[in-house]
Enquirer: 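The structure's right below; bear with me while I get my questions together.
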Amino acid sequence: MLPQTKVINGNFGKLYHEGEFMNNVTNIEANIEINYEEVLRSGTRHTGHKAMNFLGTGTIGAYTVTYEFIKKIGTIVNDDQGAFVTELLVRLEDPENDETSEFVRLKGVQFHNIPLANFEVGAIVEHELQFTFDGYEYM
């Protein structure tokens, strides 16, 4: 049985973009969804499945401190510029668990929304960014 001190603490998670620690990020989630085709097989009622492709998706939650990163995402609305495509490095390094020191590099990240305005009186302003990515690598 693992000691409770080995349970990973999310407080030590960090997101990096172009080598800079994005200290306003409150959470990140990245997943690979594997898409399967059903394969009907003779001699059985069981349906098989064949892996066909995958889709990397994710979400970043952050406090709104500046609009610099959002402006980079927003370049796609200009007819003379393409989509903002980048890489992100995610690191979760809990000092009580030495198994958490690896980086995950998300490749070909493209964002799906541009948060333009959002506030509520008496509340800290936050925003959420949905994205897809082409691949990943543990470093």
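Only this structure's heavy atoms are used, side chains among them; waters, hydrogens and symmetry mates stay out.
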Enquirer: Do F103 and F12 sit in the same hydrophobic cluster, where Ile, Leu, Val, Met, Phe, Trp and Tyr count as joined when their side-chain heavy atoms come under 4.5 Å apart?
Expert: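 Different clusters: F103 never reaches F12 through Ile, Leu, Val, Met, Phe, Trp or Tyr contacts under 4.5 Å.
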
Enquirer: In the structure I gave you, are the side-chain heavy atoms of V90 and L106 within less than 4.5 Å of one another anywhere?
Expert: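 Result yes, sub-4.5 Å side-chain heavy-atom pair found.
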
Enquirer: Do the side-chain N and O atoms of N27 and E29 include a donor-acceptor pair separated by under 3.5 angstrom?
Expert: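 No, because no side-chain N or O of N27 sits under 3.5 Å from a partner of the opposite role on E29.
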
Enquirer: Taking the inter-plane angle between the rings of F133 and F131 on a 0 to 90° scale, is it parallel (under 30°), tilted (30 to 60°) or perpendicular (over 60°)?
Expert: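 Judged by the thresholds at 30° and 60°, the geometry between F133 and F131 is tilted.
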
Enquirer: Does this structure show an ion pair linking K14 with E93, if we count only N-O contacts that are shorter than 4.0 Å?
Expert: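 Looking at K14 and E93, the cut-off is not met.
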
Enquirer: Give, for atom CE of M139 and atom CZ of R91, the distance between the pair rounded to the nearest 0.5 Å.
Expert: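 Reported to 0.5 Å precision, the distance equals 10.0 Å.
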
Enquirer: Hydrophobic clustering (ILVMFWY, side-chain heavy atoms < 4.5 Å, transitive) - are V109 and I114 grouped together?
Expert: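 In one cluster with I114: V109, yes.
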
Enquirer: Report the distance from atom OG1 of T66 to atom NZ of K71, rounding to the nearest 0.5 Å.
Expert: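 If we round to the nearest 0.5 Å, T66:OG1 and K71:NZ are 8.0 Å apart.
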
Enquirer: Is there a side-chain contact between F111 and F84 in this structure, where contact means two heavy atoms from C-beta onward sitting under 4.5 Å apart?
Expert: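 Yes, at least one pair of side-chain atoms sits under 4.5 Å.
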
Enquirer: Of all the heavy-atom pairs spanning P115 and N113, show the shortest one and how long it is.
Expert: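 Nearest pair, atom of P115 first, then N113: CD-O, 3.8 Å.
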
Enquirer: Is it true that E87 and R105 have a side-chain N and a carboxylate O under 4.0 angstrom from each other?
Expert: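 A salt bridge is present here (some side-chain N lies under 4.0 Å from a carboxylate O).
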
Enquirer: Rounded to the nearest 0.5 Å, what's the gap from NE2 on H112 to CD on Q110? Could you check?
Expert: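 So the NE2 of H112 and the CD of Q110 are separated by 6.5 Å.
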
Enquirer: Determine whether more than 12 heavy atoms belonging to other residues, nucleotides or ligands lie under 6.0 Å from atom CD of Q4.
Expert: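 No, because the 6.0 Å sphere around CD of Q4 holds 12 heavy atoms or fewer from other groups.
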
Enquirer: Do F69 and H17 have ring centroids that are under 6.0 Å from one another?
Expert: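 Yes.
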
Enquirer: Given the rule that I, L, V, M, F, W and Y join up when any side-chain heavy atoms are under 4.5 Å apart, are M52 and V39 in one cluster?
Expert: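 No, because M52 and V39 fall into different hydrophobic clusters, even though each may have its own neighbours under 4.5 Å.
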
Enquirer: Determine whether V104 and L89 make a side-chain contact, defined as any pair of heavy atoms from C-beta on separated by less than 4.5 Å.
Expert: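 Answer no - side chains too far apart.
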
Enquirer: Report the C-alpha distance between E96 and K6 in whole Å, list the side-chain angles of each, state the deciding distance to 0.1 Å, and finish with yes or no for salt bridge (Lys or Arg N to Asp or Glu O under 4.0 Å).
Expert: CA-CA 6 Å; E96 292 182 320; K6 293 291 186 183; over 6 Å; no

Enquirer: So for atom OH, which belongs to Y136, do other residues, nucleotides or ligands contribute more than 12 heavy atoms lying within a distance under 6.0 Å?
Expert: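 No, OH of Y136 has 12 or fewer neighbouring heavy atoms, counting only those of other groups under 6.0 Å.
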
Enquirer: Among N118, I60, T59, which one satisfies side-chain contact (heavy atoms from CB on, under 4.5 Å) with E128?
Expert: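 Running side-chain contact (heavy atoms from CB on, under 4.5 Å) over N118, I60, T59 with E128 returns exactly one hit, T59.
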
Enquirer: Tell me which pairs pass side chain to side chain donor-acceptor pair (under 3.5 Å) where either residue lies in residues 41-58, with sequence neighbours left out.
Expert: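 Matches after skipping sequence neighbours: N35-N53.
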
Enquirer: Is there a donor-acceptor pair under 3.5 Å between the side chain of N9 and the backbone N or O of N11?
Expert: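 Yes, because the side chain of N9 sits within donor-acceptor range (under 3.5 Å) of the backbone of N11.
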
Enquirer: Work out which heavy atom in E126 is nearest to a heavy atom in T64; give both atom names and the distance.
Expert: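 Scanning both residues completely, I find the closest heavy atoms to be C-OG1, 3.7 Å.
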
Enquirer: Kindly compute the distance separating CG (N23) from CG (L15), expressed to the nearest 0.5 Å.
Expert: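 Those atoms lie 10.5 Å apart.
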
Enquirer: Might you confirm whether atom CG of D80 has over 12 heavy atoms from other residues, nucleotides or ligands at distances under 6.0 Å?
Expert: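 It does: D80 CG has more than 12 such atoms within range.
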
Enquirer: Do the non-hydrogen side-chain atoms of L55 and I32 ever get within less than 4.5 Å of each other?
Expert: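 A side-chain contact is absent here, since even the closest heavy-atom pair is not under 4.5 Å.
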
Enquirer: Between Y63 and T26, is there a side-chain heavy-atom distance shorter than 4.5 Å?
Expert: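 Side-chain contact under 4.5 Å: yes.
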
Enquirer: Report whether I124 and F119 are members of the same hydrophobic cluster (ILVMFWY, side-chain heavy atoms less than 4.5 Å apart, transitive linking).
Expert: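 Different clusters: I124 never reaches F119 through Ile, Leu, Val, Met, Phe, Trp or Tyr contacts under 4.5 Å.
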
